[in-house]
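One structure is given below, encoded as structure tokens.
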Protein chains: 2
Amino acid sequence: MQRQTRQRRTIRSVLQQAGRPLSPTEILAACREELPRLGLATVYRNLKALVASEWLHVVELPGAAARYEVADKGHHHHFHCRYCDGVFEIDDCPGNLAALTPPGFDLEHHEVFLFGACPDCRQNHDSGSR
Amino acid sequence: MQRQTRQRRTIRSVLQQAGRPLSPTEILAACREELPRLGLATVYRNLKALVASEWLHVVELPGAAARYEVADKGHHHHFHCRYCDGVFEIDDCPGNLAALTPPGFDLEHHEVFLFGACPDCRQNHDSGSR
DNA sequence: GTCGTTGCAAAGCGTTTGCAGCCTA
DNA sequence: TAGGCTGCAAACGCTTTGCAACGAC
């Protein structure tokens with residue numbers, strides 16, 4: 001169980017080198033540079049398996065397709081660039097969200113998302129609109 | 001433009017009376033008590049129009065279908081119950097999220113989601129597992 | 001009567017599954 | 001060589017669109 005295939009190795013390597021959460025199609029595109037015949041279904045199946053084995057972490061975004069990131073980081077949140085659609089890691093966390101929880105509710109988990117422009121898009125955006 | 005149809009009136013009334021963000025199917029189910037022949041497509045078309053006219057607000061949730069709420073409230077966030085899948089409003093906001101923004105990024109907007117058990121489910125959950 | 005609106009069914013789109021052949025261990 | 005893995009295509013669930021009939025103004 002869990003064989004070392006060319007496809008799985010490539011998918012892992014792409015995610016490892018990305019440095020940021022990737023979407024299934026981003027992963028497919030990157031892997032196809034090395035494996036042109038790779039299918040999307042294979043990407044999804046491997047992502048599912050890698051999440052199950054806790055090697056990957058799913059980043060569910062509001063109003064956007066899920067991204068996948070290597071699960072070797074601690075608790076953190078994400079910044080979603082509105083312009084290039086890229087997702088970036090934020091090391092910090094506002095903390096103390098229990099204070100926001102209304103009485104009677106049981107808080108188990110939380111998510112914080114920041115939206116705006118990443119450094120690259122900020123530059124292009126600024127210079128373009130000025 | 002923007003006629004007053006029985007369908008549109010019912011959809012608005014259901015959303016107004018809900019007191020919490022509703023999903024398209026929740027809206028359909030509620031409206032069908034009064035209009036059994038109402039179609040999902042009509043619900044979607046009206047939601048789109050009501051959002052465009054800024055009467056409604058879309059609540060995009062991570063990993064769940066979007067909900068819709070009447071757009072007469074100020075800035076707030078949401079609590080998503082893992083058990084009944086219901087979404088509830090949270091009046092508060094942690095604030096100062098600019099402090100989390102990494103250098104070089106331009107923060108335009110943010111979202112905070114709390115997950116856990118709503119009062120009803122907390123009770124059922126507790127008593128069920130004990 | 002006009003033309004925005006509706007219900008139904010079909011089309012889209014991202015994700016999942018079935019299946020025969022492939023390839024790792 | 002066995003059984004997990006792959007590519008392809010079909011199936012799926014949610015959302016959108018096409019179209020002819022309907023009904024608000």
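Convention: sequence-line order gives letters A, B, ...; per-chain numbering from 1. These figures come from a predicted structure and were not determined experimentally.
- Every salt bridge (charged side-chain N to carboxylate O under 4.0 Å, His left out) that A/Arg6 has, sequence neighbours left out, goes to A/Glu34.
- When rounded to the nearest whole Å, the span between NZ of A/Lys48 and P of D/dC5 equals 14 Å.
- Following rounding to the nearest Å, B/Asn46 (CG) and C/dG7 (C1') show an atom-to-atom distance of 13 Å.
- The interatomic distance linking A/Ile11 (CD1) with D/dC5 (C1') rounds to 11 Å, in whole Å.
- With sequence neighbours left out, the salt bridge (charged side-chain N to carboxylate O under 4.0 Å, His left out) criterion links B/Glu111 to no other residue.
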Show me the protein contacts with nucleotides 20-23 of chain D, counting only N or O atoms at under 3.5 Å.
unit_1, atom_1, unit_2, atom_2, d
D/dG23, N2, B/Arg3, NH1, 2.5

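- Looking at residues two or more places apart in sequence or on another chain, you find a side chain to side chain donor-acceptor pair (under 3.5 Å) between A/Arg8 and A/Gln2, A/Asn46.
- Rounded to an integer number of Å, the gap from CG of B/Leu28 to P of C/dG7 is 10 Å.
- For residues 63-72 of chain A, the pairs satisfying side chain to side chain donor-acceptor pair (under 3.5 Å) are A/Arg67-A/Asp85, A/Glu69-A/His76, A/Glu69-A/His78, with sequence neighbours left out.
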Atom pairs under 3.5 Å: protein N/O with N/O of nucleotides 7-14 of chain D:
unit_1, atom_1, unit_2, atom_2, d
D/dG7, OP1, A/Arg37, O, 3.3
D/dG7, OP2, A/Gly39, N, 3.3
D/dG7, OP2, A/Thr42, OG1, 2.6
D/dG7, N7, A/Arg45, NH2, 2.9
D/dG7, O6, A/Arg45, NH1, 3.3
D/dG7, O6, A/Arg45, NH2, 3.1
D/dC8, OP1, A/Arg37, NH2, 2.1

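- B/Glu60 is linked by a salt bridge (charged side-chain N to carboxylate O under 4.0 Å, His left out) to nothing, counting only residues two or more places apart in sequence or in another chain.
- For B/Arg9, the salt bridge (charged side-chain N to carboxylate O under 4.0 Å, His left out) test picks out no residue, with sequence neighbours left out.
- The side-chain contact (heavy atoms from CB on, under 4.5 Å) test applied to B/Pro102 returns A/Ile90, B/Phe105, not counting sequence neighbours.
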